[in-house]
Amino acid sequence: MEENLVIVESPAKAKTIEKILGKNFLVKSSFGHIRDLDKKDFGVDINNNYQPNYIISEDKKKVVSDLKKCAKSAKTVWIASDEDREGEAIAWHLMEVLHLDPKNTNRIVFHEITKEAILKAIENPRLLNKDLVDAQQARRVLDRLVGFEISPVLWKKVKPSLSAGRVQSVAVRLIVDREREITNFLSVPFFRVNAVFLVPEKNGKVSLLKAELNNRFDTAEAAKSFLLKCKGSDFTIADIVTRPAKKSPAAPFTTSTLQQEASRKLGFPVGLTMSLAQRLYESGKITYMRTDSTNLSNEAIGAAKKKIIGSYGEKYVKIRQYKTKVKGAQEAHEAIRPTYFDQEEVEGTPQEQRLYSLIWKRTLASQMADAEIERTTVNITVSKATELFVASGEVLRFDGFLSVYMESTDDESGNEDEKGMLPVLSVNQKLLPDHIQALERFSQKAARYTEASLVRKLEELGIGRPSTYAPTITTIQQREYVVKEDREGVERTFLTLILRNGMIGEEVKTEIAGAEKSKLFPTDIGLVVNDFLVKYFEPIVDFNFTASVEKQFDEIAEGQLVWNRMIDDFYQPFHVKIEDALTNSERARGERILGQDPATGKLVSAKIGRFGPFVQLGEAVEGSDEKPQFASLQKGQSIETISMEEAIKLFELPRDLGEFEGKKVIVGIGRFGPYVRHDGNFVSLKKDIDDPLTVTIERAIELIEEKRENTIKSVIKTFGEDPEIRILEGRWGPYISFKKDNYKIKKGTDVQALSFADCKMIIESEGVKPKTNKKRGK
DNA sequence: CAGTGAGCGAGCTTCCGCTTGACTT
């Protein structure tokens with residue numbers, strides 16, 4: 001029996017700490033929170049001062065009974081949950097649930113898992129901070145009130161199973177706002193002028209000097225008249241300025257910056273980054289991966305220093321402590337860093353290795369010297385014009401941290417020229433242009449959010465926590481408020497004017513613009529829900545709502561405000577809004593009238609229905625048999641932006657192609673894309689080859705016959721006893737097909753040897769398949 | 001599982017933050 005029981009939040013942490021403390025200490029983990037508000041009956045008693053009703057979560061019952069047992073037999077219990085609001089609440093719940101006696105219970109905290117820090121914590125126990133616990137209760141209750149009162153309004157007024165919340169609804173709003181900003185953006189063309197000069201070198205070779213004009217032109221005429229002036233001009237170097245500059249390394253990783261860099265440099269979605277980091281953490285390779293702190297322990301800094309001196313030399317070292325500047329940071333942990341700096345690489349999957357390497361480099365670089373750069377700017381005058389050409393170059397004098405790591409940016413413009421060394425130049429030197437080019441460019445619309453850039457924005461606004469960034473992104477996609485998609489760009493033309501050998505040439509070129517990869521787009525449901533929330537609950541989806549309640553939580557934590565008073569002040573006006581929305585709002589369908597169909601004069605509109613967004617041609621008239629025509633919107637189309645032409649096209653499907661073998665051939669678009677239907681069978685059209693609007697009967701027959709052939713090929717075995725049982729070759733290998741259901745065959749089975757009886761057994765052992773709801777998981 | 005776009009109205013859905021599993025696709 002151990003004398004001391006230490007309780008921490010994470011089991012991996014428990015293992016490490018047990019090693020440090022040695023015998024006499026049993027270290028256990030609570031696996032995070034052990035209790036939460038009851039989900040039935042709201043969990044908060046509105047009429048009794050917002051009394052929370054906590055219950056032990058189903059998956060924590062075992063943990064709790066184990067902890068109870070250990071606590072009973074220990075002389076002293078040390079509660080070492082994190083030193084933040086949530087950690088303090090976990091400590092309090094543990095006290096309550098385990099019935100711990102304050103006399104032999106100590107609350108301790110540390111921010112890093114080092115022997116020094118832990119021993120120091122043991123020497124400085126403190127009492128539970130009930131004010132901090134109350135701040136957490138206020139946070140928890142507020143989130144429950146918001147989520148569980150608004151969501152049911154959405155079920156009634158928009159669609160069942162939807163959700164709203166303090167965090168997720170703002171995340172959606174950011175994406176909706178950005179999309180509308182992009183829709184309304186008017187791209188303006190302008191002309192950028194570049195020159196390439198020829199510079200003779202001493203060795204007889206000629207090198208090129210690229211320069212950009214310090215002025216842009218609004219029209220092709222203005223650009224052209226400037227080129228005309230250049231035609232008879234002298235170009236002279238007016239001055240050369242060389243200035244030293246510095247680049248500093250970025251701070252060590254927090255959860256949010258790790259997600260951003262892994263997205264930019266490695267292309268990982270935030271969920272993947274977190275699960276890889278979890279594995280690295282559990283195997284002891286990195287420190288805790290859910291943190292908002294950029295702090296490194298002294299031990300870590302020492303180890304980094306040693307590694308830098310060993311690999312790069314003394315002058316590459318520069319010890320830095322980074323201040324966390326993010327709103328509402330609670331800093332219960334260290335930054336995300338490698339546990340051992342001498343491990344440049346680790347074992348594991350390629351993805352784990354790449355993420356580890358990123359963390360290793362970033363952390364090491366953070367303790368390295370600035371890079372020293374010499375930046376040279378050359379101004380070149382044009383004798384017949386007032387504008388200047390500017391050439392600039394960079395020379396790296398000392399690489400410093402750059403020898404290890406360089407942070408990436410979200411900038412997608414792609415016009416960051418590689419700035420290299422300039423040729424040897426002197427003031428008053430005359431230059432000969434090889435050519436001067438005016439290029440039509442377009443003002444840039446705002447960039448759509450990626451998962452990672454949305455996380456950055458949320459963090460900036462102080463909304464959400466390191467443990468919730470990735471789950472929030474998942475939630476808003478699961479609710480189908482937002483989709484992550486690639487979109488193809490559109491072709492656009494641009495004009496180039498080029499002056500060479502005294503002649504001005506003109507050429508119209510084309511490029512693809514606006515292509516998107518893995519960006520977040522709002523769906524029609526997302527738009528409708530967002531507009532509904534903005535209309536009836538503006539204060540809640542205000543970008544500053546979290547910041548303002550956080551202020552009040554801080555006051556509670558400081559003992560200056562009573563938590564249920566704060567909640568009451570919030571709830572009274574909030575609940576009035578709920579009632580108002582329930583009684584005064586129309587059902588929200590996001591309806592938009594597109595106008596009159598030019599062919600029939602009937603009304604064309606777009607709205608949300610039971611099965612998603614659709615367009616409608618004509619209206620239902622009472623007493624008349626005539627029904628309106630409906631068609632679902634396709635992927636990438638939106639109620640808000642669909643045009644009359646696009647809508648009319650949708651009504652052209654399904655299309656009757658004619659007959660084949662005496663049965664009708666119909667082409668249409670279904671949930672899985674364009675298809676041909678014939679005699680009850682469906683055949684998908686080939687992506688990028690067939691267009692449902694133009695596909696011919698001949699091509700359709702070709703597809704039907706191709707599918708027949710494939711179906712025959714996929715049959716591995718049939719049985720005379722029952723033709724409905726067949727063994728087929730599918731996408732994931734052989735399987736058994738019986739009536740409408742499919743059954744798995746265990747890996748490694750000799751398929752040819754399966755008998756009719758074997759198959760029947762497999763089918764029976766799986767039983768009748770329950771209908772699973774794929775969308776929601778769980 | 002592919003077309004639909006109401007109706008009866010039972011019983012269900014839902015929040016944010018702490019933590020890890022046990023899972024198929």
Side-chain angles (χ1 to χ4, degrees), chain A residues 8-14 29-37 39-40 42-44 57 59-60 62-63 81-82 84-91 93 136 139-156 159-169 275 278-279 281-282 288-290 330 332 463-469 471-472 475 478-479 540 546 589 605 607-616 620 627-632 653-654 666-677 680-685 731-732 740 744 772-774 776-778:
Chain A
V8 295
E9 292 183 35
S10 147
K13 214 182 196 180
S29 149
S30 77
F31 291 81
H33 275 295
I34 53 166
R35 289 203 298 189
D36 192 16
L37 296 175
K39 269 167 91 136
K40 300 189 300 266
F42 217 65
V44 178
S57 328
D59 53 330
K60 295 294 164 56
K62 260 183 83 177
V63 175
S81 48
D82 296 345
D84 58 16
R85 203 161 63 201
E86 298 296 327
E88 204 67 13
I90 289 174
H93 284 300
Q136 193 274 346
R139 199 279 305 154
R140 183 66 194 91
V141 168
L142 178 109
D143 283 336
R144 170 57 60 90
L145 294 175
V146 169
F148 274 39
E149 289 218 348
I150 300 184
S151 298
V153 179
L154 294 179
W155 305 343
K156 267 214 171 86
K159 205 176 126 168
S161 301
L162 295 176
S163 65
R166 173 177 59 82
V167 173
Q168 59 169 284
S169 297
S275 64
Q278 176 89 30
R279 290 219 286 279
Y281 166 67
E282 282 169 7
Y288 197 56
M289 64 283 152
R290 290 186 275 265
Q330 308 202 2
I463 299 171
R465 304 277 314 132
S467 67
T468 60
Y469 295 137
T472 300
T475 301
Q478 259 178 6
R479 296 281 174 279
I540 308 297
T546 291
R589 294 177 196 279
S605 61
K607 62 183 142 194
I608 286 181
R610 283 200 293 156
F611 312 103
F614 67 98
V615 282
Q616 178 176 342
K627 272 191 180 168
Q629 203 183 334
F630 304 103
S632 287
L653 294 174
I666 309 281
V667 60
I669 294 179
R671 270 221 298 153
F672 307 113
Y675 65 89
V676 173
R677 194 184 61 190
N681 290 315
F682 291 87
V683 186
S684 291
L685 293 190
R731 231 188 335 155
W732 293 290
K740 287 244 154 165
K744 264 185 313 197
T772 47
N773 189 351
K774 276 187 186 167
R776 277 288 150 88
K778 288 207 175 177

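Every chain is numbered from 1, with letters handed out A, B, ... down the list of sequences.
Among the protein residues, A:Thr475 comes within range of the sugar-phosphate backbone only, with heavy atoms under 4.0 Å from sugar or phosphate atoms but none that close to a base. No contact: A:Gln136 has no heavy atom under 4.0 Å from any strand. When heavy atoms are screened at a 4.0 angstrom cut-off, A:Gly43 is found touching no nucleic acid atom at all. No contact: A:Pro654 has no heavy atom under 4.0 Å from any strand. Using a 4.0 Å heavy-atom cutoff across all strands shown, A:Thr472 reaches no nucleic acid atom at all. Among the atoms of the strands shown, none is found under 4.0 Å from any heavy atom of A:Ala89. Here A:Asp59 lies out of heavy-atom contact (under 4.0 Å) with every strand. Using a 4.0 Å heavy-atom distance criterion, A:Gly165 is classed as a sugar-phosphate-only contact. In this structure, A:Gln168 reaches the sugar-phosphate backbone alone: every heavy-atom distance under 4.0 Å involves primed, P, OP1 or OP2 atoms, never a base. A:Val167 comes within 4.0 angstrom of the backbone, heavy atoms only, and of no base. Among the protein residues, A:Gly87 comes within range of no part of the nucleic acid, since none of its heavy atoms lies under 4.0 Å from any strand.
Between the side chain of A:Arg144 and the base of B:dC16 there is no donor-acceptor pair of N/O atoms closer than 3.5 Å. Judged by distance alone, with hydrogens and angles left aside, A:Ser163 brings no side-chain donor or acceptor close enough to the base of B:dT14 to form a pair under 3.5 Å. With hydrogens and angles ignored, a donor-acceptor pair under 3.5 angstrom links the side chain of A:Arg139 to the base of B:dC16.
With DNA chain B read from its 5' end, the first of the two nearest nucleotides for A:Ser151 and A:Arg290 is the one closest to A:Ser151. Remark on DNA chain B: of its neighbouring residues A:Glu282 and A:Phe148, the 5'-side contact belongs to A:Phe148, judged by nearest-heavy-atom nucleotide.
If you take CZ of A:Arg85 and C1' of B:dT19, they are 18 Å apart, rounded to a whole angstrom. For A:Lys156 and B:dC12, the NZ to P distance is 16 Å, given to the nearest whole Å. Rounded to an integer number of Å, the gap from NZ of A:Lys607 to P of B:dT4 is 15 Å. In this structure, A:Arg465 places its CZ atom 8 Å from P of B:dG17, rounding to the nearest Å. Here B:dC18 presents its P atom at 18 Å from CZ of A:Arg35, a figure rounded to the nearest Å. Atom CD1 of A:Ile90 and atom C1' of B:dG17 are 8 Å apart (whole Å). As a whole-Å value, the separation of A:Met289 CE from B:dC18 C1' is 11 Å. Whole-Å rounding puts the A:Gln278 CD to B:dT20 P distance at 5 Å.
Formation of a donor-acceptor pair under 3.5 Å by the A:Ser29 side chain with backbone atoms of A:Glu9 is found in this model. The closest donor-acceptor contact from the side chain of A:Ser30 to the backbone of A:Gly32 lies under 3.5 Å. No donor-acceptor pair under 3.5 Å is formed between the side chain of A:Arg166 and the backbone N or O of A:Ile540.
Between the CD atom in A:Gln168 and the CD1 atom in A:Ile463 there is a gap of 12.5 Å [rounded to 0.5 Å].
Closest of all the heavy-atom pairs between A:Ile608 and A:Phe614 is C-CE2, 3.9 Å.
Residue A:Arg166 places at least one side-chain N or O under 4.0 Å from the OP1 or OP2 atom of B:dG17. Listed pair A:Arg479 / B:dC15 meets the phosphate criterion, a side-chain N or O lying under 4.0 Å from OP1 or OP2. Between A:Ser10 and B:dT19 there is no side-chain polar atom (N or O) within less than 4.0 angstrom of OP1 or OP2. Residue A:Tyr288 places at least one side-chain N or O closer than 4.0 Å to OP1 or OP2 of B:dT19. Remark: A:Gln616 is not in phosphate contact with B:dG5, judged by side-chain N or O atoms under 4.0 Å from OP1 or OP2.
When distances run from any side-chain atom of A:Phe682 to the nucleotides B:dC18, B:dC15, B:dA2, the shortest one goes to B:dA2. Nearest to the side-chain atoms of A:Ser161 among the listed nucleotides B:dG3, B:dT13, B:dG17 stands B:dT13. The side chain of A:His33 lies closest to B:dC18, out of B:dT13, B:dC18, B:dC16. Ranking B:dT19, B:dG17, B:dC15 by closeness to the A:Lys60 side chain, first place goes to B:dT19. Listed nucleotides B:dC15, B:dG17, B:dT19 differ in distance to A:Arg140; the shortest reach to its side chain belongs to B:dC15.
With contacts defined as side-chain heavy-atom distances shorter than 4.5 Å, the pair A:Gln629/A:Gln616 does not qualify. A 4.5 Å side-chain heavy-atom check between A:Phe42 and A:Leu37 finds every atom pair outside the cut-off.
Using a 5.5 Å limit on the distance between ring centres and a 30° limit on the angle between planes, the aromatic ring of A:Trp155 does not count as stacked on the six-membered base ring of B:dT14. Look at A:Phe630 and the base of B:dG5; the rings do not stack under the cut-offs of 5.5 Å between centres and 30° between planes.
Of the C1' atoms belonging to B:dT13 and B:dG9, the separation is 16 Å, rounded to the nearest Å.
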Derivation and outcome, side chain to side chain contact (heavy atoms under 4.5 Å, CB included), residues A:His33 and A:Gln136: CA-CA 12 Å; A:His33 275 295; A:Gln136 193 274 346; 3.8 Å; yes
